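Just so it is clear, the structure is predicted and the values come from calculations on it, not from any experiment. Only this structure's heavy atoms are used, side chains among them; waters, hydrogens and symmetry mates stay out.
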Amino acid sequence: MRKTHAFSGHFGATLLAPQQTRFRFWAPSCASVSVEIEGHPPVPMARDAEGWFEATAPCGAGALYRYRLNPHLAVPDPASRAQPRDVSGPSQVVDPRAYAWQDDDWRGLPWEQAVIYEIHVGAAGGFRGVRAQLARLKALGITAVELMPLSEFPGGRNWGYDGVLPYAPESSYGTPEELKALVDHAHALGMMIFLDVVYNHFGPEGNFLAAYAAPFFHAGRPTPWGDAIDFRQPEVQAYFAENALYWLMEYRFDGLRFDAVQAIGERDWLVDLAAHVRARVEPGRHVHLILENENNDSGLLRAGFDAQWNDDGHNALHVLLTGEDEGYYANFATDPAGRLARVLAEGFAFQGEMFPTLGHPRGMETGGLPATAFVLFLQNHDQIGNRALGERLTVLAAPQALRAAYGLLLLSPQIPMLFMGEEWGSRRPFLYFTSHPPILGDIVRDGRRREFAAFAHFSDPARRETIPDPNDPATFAASIPPPADAETPEGQDWLAFFATLLHLRHARITPRLRGAQGLGARVVGPGAVAARWRMADGAILSVGLNLGAGPVDLPEWVAGPLLFQYPPAAGADPRLPRHAVTIHLAEPAHG
């Protein structure tokens with residue numbers, strides 16, 4: 001018999017019987033609340049001393065409801081499981097047991113097997129569109145798909161970081177059952193599927209929490225998105241901890257990526273969250289917790305989190321590939337090769353040193369952490385989409401240098417991540433897009449253009465006007481990488497290149513990856529580094545990467561049987577040519 005899964009927490013609507021639903025709503029700022037169910041008379045809710053309201057009503061799955069706060073305001077459920085009429089419409093009661101899982105024996109994959117592919121669900125055609133791509137990605141060598149945030153956001157076009165209802169999958173992408181079918185299909189193919197969650201802020205439209213739960217926010221701690229979420233409150237802690245478990249246990253995601261946790265002031269809550277998740281998921285499941293954290297807080301990687309996105313690695317490689325030195329790239333412009341060498345040897349480039357653009361130290365030492373504690377990438381949604389024109393590296397970097405960098409990315413011991421379309425060398429931009437009402441859309445457009453005024457290329461106001469309007473539907477349309485591009489000769493060449501690298505990774509790197517440790521790295525020339533690692537079985541992996549303008553000599557310890565070289569060696573010159581990579585794997589000595 002196929003199994004069903006349901007997560008029951010403190011918040012929201014819980015189906016007790018086919019025609020009986022319990023509603024629980026934390027509204028400490030309110031004296032009275034009723035639940036209004038379409039087609040039913042209002043049901044008064046009982047209040048306890050902590051501000052919890054509760055009622056049971058004769059309705060079942062599919063019922064649409066709101067919480068009535070006063071004669072002028074009725075709001076959706078902050079723990080809504082579905083919002084068929086967008087963020088300001090009624091919430092919908094969902095039967096979490098309606099979906100029967102096809103592959104319930106799935107337990108996930110060990111972390112060291114991860115090759116991550118980040119994807120925007122809307123740009124991929126919704127939940128069904130992503131599902132249709134999985135077999136192709138599996139064949140290429142992708143083992144984990146990471147979905148950008150799904151929490152219900154205003155309209156149908158958004159990156160997902162403007163979500164306001166964290167329990168409700170974005171309705172424009174499909175139904176809850178279609179999302180579960182996507183996860184189920186990934187598991188049937190032997191693939192993991194991760195979800196990006198946002199616990200540091202809510203979007204600017206459709207968030208009514210302050211109207212009924214003022215303690216949810218910390219009035220004395222402003223952020224770019226408004227008052228900070230107050231993680232000192234037990235109810236706030238429970239709201240997000242239960243959300244993490246909801247996605248992992250009811251939707252069966254294999255892991256979560258936590259967005260910008262440096263904006264969560266109560267660091268101890270993150271430690272508690274990881275411990276709580278580890279204690280609650282079923283024994284034997286591989287569940288992976290991934291951070292985005294500008295603080296380079298390596299302590300969290302020793303406290304229950306598997307890995308962190310390695311922005312330092314990206315930034316150093318980007319500067320070497322493009323020569324750009326504005327914005328946060330200024331922190332890497334003076335010695336990008338040195339920064340990259342430290343990334344390869346130790347994980348983070350900044351481990352307590354002064355970070356110039358911030359004016360204060362950044363990061364913590366990483367001693368003892370394995371290479372797999374860091375997720376390395378050349379591109380992601382931020383690093384493409386936060387550019388004014390959304391250019392990819394295929395537009396910005398020399399083609400041969402870019403391929404050399406991919407050799408490092410996919411064959412180094414850090415966990416690699418690709419962004420949608422990257423595998424066929426897409427040149428399609430990925431822009432910032434929204435679907436706000438006109439007034440808010442104008443504010444977002446004008447604010448985004450002002451952000452780029454400090455960049456030399458956009459110092460001219462007329463040129464800033466050419467930055468695409470996020471709210472224009474054409475901006476979203478321009479960001480969809482056409483799958484037909486993969487069928488072109490250039491697309492096929494890129495796909496073959498990635499397939500070769502990923503086959504080598506799975507065959508020669510992954511089996512010996514757990515616990516791999518850096519043995520050091522150094523700059524060997526302008527734009528060139530050499531690094532090596534001791535693998536789990538004692539093998540030595542070494543790499544020479546030259547993104548500079550001329551050939552360089554490599555140290556003698558870049559040695560052993562050749563695993564991969566790009567471009568293929570030609571001639572008798574023993575030096576590593578410009579825009580090249582060489583990777584060697586010396587098997588462990590036995591006997």
Side-chain angles (χ1 to χ4, degrees), residues 86 116-138 140 142 144-163 169-175 178-179 181-183 185-186 191 193-198 203 253 257 259 377-395 417-436 441 444-445 448 467-488 491 494-495 498:
D86 211 353
I116 304 171
Y117 184 89
E118 188 190 22
I119 192 165
H120 184 276
V121 175
F127 299 138
R128 291 187 177 186
V130 176
R131 179 178 173 177
Q133 295 191 37
L134 292 182
R136 173 185 67 81
L137 295 172
K138 168 74 173 180
L140 182 67
I142 301 298
V145 172
E146 181 176 307
L147 308 182
M148 288 175 65
L150 301 180
S151 300
E152 186 74 31
F153 53 71
R157 305 181 307 275
N158 200 288
W159 276 13
Y161 300 92
D162 288 330
E170 168 56 33
S171 55
S172 68
Y173 295 165
T175 66
E178 286 172 332
L179 175 56
L182 164 60
V183 175
H185 188 62
M191 300 177 72
I193 186 162
F194 303 153
L195 177 62
D196 191 343
V197 294
V198 183
F253 279 98
R257 180 262 192 188
D259 177 67
F377 46 88
L378 290 177
Q379 304 185 79
N380 64 28
H381 74 273
D382 270 332
Q383 308 300 351
I384 305 171
N386 282 336
R387 302 179 63 83
L389 302 180
E391 307 101 322
R392 294 176 182 253
L393 283 174
T394 42
V395 175
M417 184 174 74
L418 302 172
F419 184 68
M420 61 185 300
E422 200 168 354
E423 73 275 24
W424 67 70
S426 177
R427 300 175 67 86
R428 179 65 64 103
F430 186 74
L431 299 159
Y432 180 66
F433 46 80
T434 60
S435 49
H436 292 308
V444 170
R445 177 200 62 214
R448 181 166 175 79
I467 297 174
D469 179 357
N471 228 42
D472 186 339
T475 302
F476 170 67
S479 302
I480 300 173
D485 288 356
E487 304 303 322
T488 65
W494 272 107
L495 284 167
F498 276 102

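Rounded to the nearest 0.5 angstrom, F476 CZ and N158 CG are separated by 10.5 Å. To the nearest 0.5 angstrom, N386 atom CG is 8.5 Å from N380 atom CG. The CD1 atom of I467 lies 13.5 Å from the OH atom of Y432; values are rounded to the nearest 0.5 Å. Distance NE2/H436 to CZ/F153: 10.0 Å, rounded to 0.5 Å. Atom OG1 of T488 is separated from atom CH2 of W494 by 12.0 Å, given to the nearest 0.5 angstrom. Between the CZ atom of R392 and the CZ atom of F430 there is a distance of 8.0 Å, given to the nearest 0.5 Å.
Every residue meeting the side chain to side chain contact (heavy atoms under 4.5 Å, CB included) condition with P482, not counting sequence neighbours, appears here in chain and number order: R428, D485. Contacts of E391 classified as salt bridge (Lys or Arg N to Asp or Glu O under 4.0 Å), with partners at least two apart in sequence or in another chain: R387. The ring-ring contact (aromatic ring centres under 6.0 Å, His included) check on Y117 picks up nothing, with sequence neighbours excluded. For F194, there are no ring-ring contact (aromatic ring centres under 6.0 Å, His included) partners, not counting sequence neighbours. With sequence neighbours excluded, the residues that form a salt bridge (Lys or Arg N to Asp or Glu O under 4.0 Å) with R128 are E178. For A186, the side chain to side chain contact (heavy atoms under 4.5 Å, CB included) test picks out L134, M191, I193, with sequence neighbours left out. Partners of R257 under the salt bridge (Lys or Arg N to Asp or Glu O under 4.0 Å) rule, at least two apart in sequence or in another chain, are D196, D259, E292. In this structure, D86 has no salt bridge (Lys or Arg N to Asp or Glu O under 4.0 Å) partners at least two apart in sequence or on a different chain. A search for side chain to side chain contact (heavy atoms under 4.5 Å, CB included) contacts involving R131 returns A181, L182, H185, not counting sequence neighbours. Annotation: side chain to side chain contact (heavy atoms under 4.5 Å, CB included) contacts of P429 (sequence neighbours excluded): L431.
Pairs engaging residues 468-480 under the side-chain hydrogen bond (donor to acceptor under 3.5 Å, both in side chains) rule: T434-N471 [sequence neighbours left out]. Applying the side-chain hydrogen bond (donor to acceptor under 3.5 Å, both in side chains) rule to pairs touching residues 144-153 yields E152-S171, sequence neighbours excluded.
Contact check for Q133 versus V145: no side-chain heavy atoms found under the 4.5 Å cut-off.
Here the closest heavy-atom approach between residue H120 and residue Y173 is recorded as CE1-OH, 3.4 Å.
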